[in-house]
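A quick note: this is a predicted structure, and the numbers were derived from the prediction, not measured. These values consider heavy atoms only, across backbone and side chains, with no hydrogens, waters or symmetry-generated copies.
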Amino acid sequence: MKKYAIFTIISLFFIFFSFIFFGLKEMEIEDKYGEFYELYDKIESSENYLVIINNKSFGFIKKLGNDIYIEEDTCLKFILNYTNSKIEVYKFNPRETFTKLTTIEVLKIKSQPDTELIYTNS
C-alpha cells in the first residue's frame, strides 16, 4: 500500500510540474515574440514560407532553433526587426529552385492554388 501511495504522489508531482513547465515555455515564447507569437506556432520548420514585407520586399522564413529569421537577399534578419512593417506570410509547395527571387516569381507563388496565407499583421 505504501508503494502505491508513493507512486501516486510522485506521478501527481510529475504531472503538476509538467504543466508548469509547459505553461512557462509558452509564456516565454509569447513574451519574446509579442505580436508574432501566432506566427511562431504556425511555422513547423524553416522551409516553404514566403514573406512579403510592406508589399515592396520579400524573402523566406528561416526557423533556427527557437528563433525566427527572415532571409532577405541572403541576409538573415531577426523577425522582431519588422514589428512596424506590414508582413504577409504564405506557405507554399515549391515547384522550382530559386536562385534570385524576383517580383514575378513571388506573384507566381502567391497565385498557385496550394499557396495559403497563414499570417498577416495588418
Side-chain angles (χ1 to χ4, degrees):
M1 186 68 175
K2 283 186 176 183
K3 287 182 182 180
Y4 178 74
I6 291 173
F7 177 74
T8 303
I9 290 171
I10 290 173
S11 298
L12 289 175
F13 275 123
F14 179 75
I15 291 169
F16 176 73
F17 285 114
S18 296
F19 279 120
I20 288 177
F21 176 76
F22 177 74
L24 290 174
K25 185 70 173 160
E26 288 295 312
M27 285 174 46
E28 175 192 3
I29 293 169
E30 187 174 357
D31 288 344
K32 182 176 183 178
Y33 287 104
E35 68 180 82
F36 294 118
Y37 171 72
E38 188 179 312
L39 176 64
Y40 183 87
D41 284 341
K42 291 183 179 180
I43 294 178
E44 294 121 19
S45 65
S46 62
E47 305 219 356
N48 309 335
Y49 293 98
L50 173 70
V51 180
I52 300 175
I53 305 154
N54 292 329
N55 292 324
K56 296 178 185 174
S57 58
F58 37 83
F60 295 103
I61 292 277
K62 297 290 181 191
K63 189 172 184 182
L64 304 171
N66 289 331
D67 296 328
I68 299 174
Y69 297 94
I70 295 178
E71 181 182 18
E72 188 179 1
D73 296 328
T74 67
C75 180
L76 286 177
K77 297 180 183 175
F78 194 57
I79 194 161
L80 293 180
N81 294 344
Y82 297 97
T83 53
N84 296 328
S85 304
K86 180 182 182 254
I87 293 181
E88 297 174 351
V89 179
Y90 294 89
K91 183 173 183 167
F92 70 99
N93 291 324
R95 297 189 177 156
E96 58 187 87
T97 305
F98 304 106
T99 53
K100 177 94 170 110
L101 195 62
T102 64
T103 307
I104 295 170
E105 290 171 332
V106 169
L107 293 174
K108 270 201 265 184
I109 291 172
K110 275 181 69 173
S111 66
Q112 290 176 356
D114 55 353
T115 299
E116 69 175 297
L117 177 67
I118 63 165
Y119 179 80
T120 183
N121 68 343
S122 56

Atom pair CD1 (Ile61) and CG (Asn48), whose distance is rounded to the nearest 0.5 Å
12.0 Å
When rounded to the nearest 0.5 angstrom, what is the spacing between OG1 in Thr103 and NZ in Lys56?
13.0 Å
Roughly how far apart are Tyr33 OH and Asp41 CG, rounded to 0.5 Å?
11.0 Å
Inspect the surroundings of CD1 in Ile104 and state if more than 12 heavy atoms from other residues, nucleotides or ligands are less than 6.0 Å away.
no
Check whether more than 12 heavy atoms from other residues, nucleotides or ligands sit under 6.0 Å from atom CG of Asp31, and answer yes or no.
yes
For Ile118, is there any backbone N or O sitting under 3.5 Å from a side-chain donor or acceptor partner on Lys91?
no
Donor-acceptor contact present, side-chain Ser85 to main-chain Ile53, <3.5 Å
no
Note: Glu105-Lys108 ion pair, threshold 4.0 Å (strictly below)
no
Quick check for you: to the nearest 0.5 Å, what is the distance between Ile52 atom CD1 and Leu117 atom CG?
9.0 Å
May I ask you to check whether over 12 heavy atoms, not counting those of Phe16, lie within 6.0 Å of atom CZ?
no
Here the gap from Ile20 atom CD1 to Ile15 atom CD1, rounded to the nearest 0.5 Å, amounts to 12.5 Å
Verify whether one side chain among Tyr40 and Glu30 offers a donor that lies under 3.5 Å from an acceptor in the other.
no
Supply the atom-to-atom distance Phe78 CZ to Phe36 CZ, rounded to the nearest 0.5 angstrom.
10.0 Å
